[in-house]
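Only one structure is covered here, and it is reproduced in the block below.
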Amino acid sequence: STVVLVFEAPVEQGSDAGETKGGWRWNVEKGQRVKMGQALGYV
Amino acid sequence: LRAALRDSKTQWYQLPIGVGIGFVGLMQFYKVTTREKEKEELDEVTGAAGRKPNGRERIRPDGPWQVRAMSTLPLKAMSRLWGRFNELDIPYYLRVPGFKLYSFIFGVNLDEVAEPDLRTYPNLAAFFYRKLKPGARPLDPNPNALLSPSDGRILQFGQIEGGDIEQVKGMTYSIDALLGKHTPTPSVAHGEHGRPSERHISENEGLIKTDEEFARVNGISYTLPSLLSGGRPSGSTQTESPPDEAEREDSPAAISAVRADLALGEKPWYALLAPEENRTALYYAVIYLAPGDYHRFHSPANWVVERRRHFAGELYSVSPYLQRTLPGLFTLNERVVLLGRWRWGFFSYVPVGATNVGSIKINFDRELRTNSLTTDTEADRAAEEAAARGEPYLGFAEATYASASRVLGGHALRRGEEMGGFQLG
């Protein structure tokens with residue numbers, strides 16, 4: 001069985017100073033085993 | 001003519017082999033061309049390639065011979081038979097060694113199973129759908145995290161560009177094929193900036209400004225906790241002895257607790273639905289559950305499920321091997337598409353069935369029946385009715401969740417809340 005998540009999230013935005021803020025960042029890698037409740041990513 | 005026939009000498013001789021091969025090749029080319037032409041004519045009549053005249057999708061996958069051979073098997077019937085077989089009770093004294101063997105083969109951690117006495121599981125189906133001990137799966141404390149809904153392996157993830165989702169090894173399929181057409185909402189599909197939930201807000205603006213008003217929409221005393229748990233209006237659940245003020249669902253303390261839990265802070269309740277950022281994109285993640293994994297799934301975030309689409313497709317295996325070899329596998333298999341919103345905009349959750357795990361259960365949707373003859377028959381009937389009306393069959397049956405949560409426009413789920421699961425067969 002498989003679960004597919006499709007979701008909208010903010011895109012990481014850069015500023016003139018080279019800083020980025022507020023975007024979606026993944027916290028996993030391909031092939032990684034995950035447990036329920038583990039973070040897939042953060043906004 | 002008679003004399004010519006009678007007196008002419010007949011002489012037989014061999015043709016050069018090249019002429020023979022050429023003739024056979026020509027005949028084969030003629031046959032293939034004719035077949036392709038007939039197929040194109042049929043597609044023109046039915047409106048799309050690979051469809052039956054009534055519009056119901058016919059599974060005709062391309063791929064190596066293993067995939068083609070698999071496509072000839074009655075996979076759904078086999079899946080149902082497998083489910084029935086696994087519901088047979090195992091003899092009492094064979095349960096412990098049997099489940100331990102299964103756990104050894106598929107890597108089940110028996111220490112975290114909620115019911116440690118394996119003899120209480122009457123059959124493999126019950127063991128497969130086991131619960132875990134409380135606290136065995138702690139939720140990530142960051143309120144801005146998207147949680148993994150289940151145990152499993154990350155097969156693929158990324159950003160959706162051009163409406164395509166990449167499958168393993170570069171295979172792609174469109175988001176419309178996976179979720180159904182007209183999804184997600186235009187604000188996302190067209191890449192517009194802003195808040196996709198403006199429709200919701202404009203409908204309710206002027207009505208709801210505070211939590212108290214939130215709790216009294218349209219004269220019905222809904223409360224924030226009951227909405228978020230998908231409960232009934234508080235008026236219909238009152239007991240004979242009123243609870244203490246602090247325990248009431250709509251008490252300031254209870255509302256503050258829920259607001260803190262949802263990380264709402266001082267924001268209005270519809271911040272749950274409306275993204276604050278100016279620019280958003282669609283992302284996806286594919287998680288594969290192996291046979292030994294915990295097969296219940298939980299809500300990955302605080303979100304509101306607005307509707308459900310049930311695609312009564314096929315039930316191919318979803319093993320990584322088949323995902324590599326069968327393009328668009330997820331758009332062929334039976335699946336339940338839950339569509340809704342979270343605080344950043346569109347959100348969807350798609351459990352996809354497989355041959356051995358064909359039954360998808362959604363806890364808050366008792367009408368949903370997956371991998372059943374009834375749904376197949378209903379899908380056929382719906383396709384025929386659509387064809388009779390001259391309309392295309394969309395390939396799914398849709399239901400909306402709007403009963404309890406009139407404000408949020410669907411069934412509200414909290415992060416980590418159990419949503420349902422996969423069952424054998």
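Labels below follow one simple rule: chain letters A, B, ... track the order of the sequence lines, proteins then strands, and each chain is numbered from 1.
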For residues A:E8 and B:T280, is any side-chain donor paired with an opposing acceptor at under 3.5 Å? yes

Got a second to check how far B:I160's CD1 is from A:F7's CZ, nearest 0.5 Å? 8.5 Å

Separation between OG (A:S1) and CG (B:N333), nearest 0.5 Å, reads 11.0 Å

Criterion side-chain contact (heavy atoms from CB on, under 4.5 Å) on A:V6 and B:F346, from CA distance to verdict: CA-CA 8 Å; A:V6 180; B:F346 172 78; 4.0 Å; yes

Count the heavy atoms of every other residue, nucleotide or ligand shown that sit under 6.0 Å from CH2 of A:W26, and state whether that count exceeds 12. yes

Contact part of B:P291 toward chain A, heavy-atom cut-off under 4.5 Å: side chain, backbone, both or neither? neither

Could you please spell out the steps behind the side-chain contact (heavy atoms from CB on, under 4.5 Å) verdict for A:V3 and B:L289? CA-CA 8 Å; A:V3 170; B:L289 286 73; 4.1 Å; yes

To the nearest 0.5 angstrom, please state how far the OH atom of B:Y288 sits from the CZ atom of A:R33. 10.0 Å

Aromatic ring pairing A:W24/B:W342, orientation class (parallel under 30°, perpendicular over 60°, tilted between): perpendicular

From CD (B:Q156) to OG1 (A:T2), nearest 0.5 Å: 12.5 Å

Who among B:Y349, B:Y283, B:F157 has the most heavy-atom pairs with chain A under 4.5 Å? B:Y283

Side-chain contact test, heavy atoms from C-beta onward, threshold under 4.5 Å: evaluate it for B:D151 versus A:V34 and give yes or no. no

Most contact-rich option vs chain A, by heavy-atom pairs under 4.5 angstrom, among B:H298, B:H295, B:R137, B:R153, is B:R137

Between chain A and each of B:G152, B:P149, B:A145, count heavy-atom pairs under 4.5 Å; write down the option with the most. B:G152

Should B:I287 and A:L40 be marked as a side-chain contact (heavy atoms from CB on, under 4.5 Å) after you check the CA-CA gap, both sets of side-chain angles, and the distance that decides it? CA-CA 10 Å; B:I287 304 167; A:L40 298 176; 4.2 Å; yes

With the threshold set at 4.0 Å, does a side-chain nitrogen-carboxylate oxygen contact exist between B:D293 and A:K35? no

B:L147 and A:G37 have their tightest heavy-atom pair at CD2-O, 3.3 Å

Inter-residue atom distance B:L139.CG - A:Q38.CD, 0.5 Å rounding: 11.5 Å

Select, from B:G340, B:S348, B:A301, B:A354, the one with the greatest count of heavy-atom pairs under 4.5 Å involving chain A. B:S348

Derivation and outcome, side-chain contact (heavy atoms from CB on, under 4.5 Å), residues B:L146 and A:L5: CA-CA 10 Å; B:L146 180 70; A:L5 296 173; 4.3 Å; yes

Could you tell me which non-hydrogen atom of B:W344 sits nearest to which non-hydrogen atom of A:P10, and how far apart they are? CE3-CG, 3.5 Å

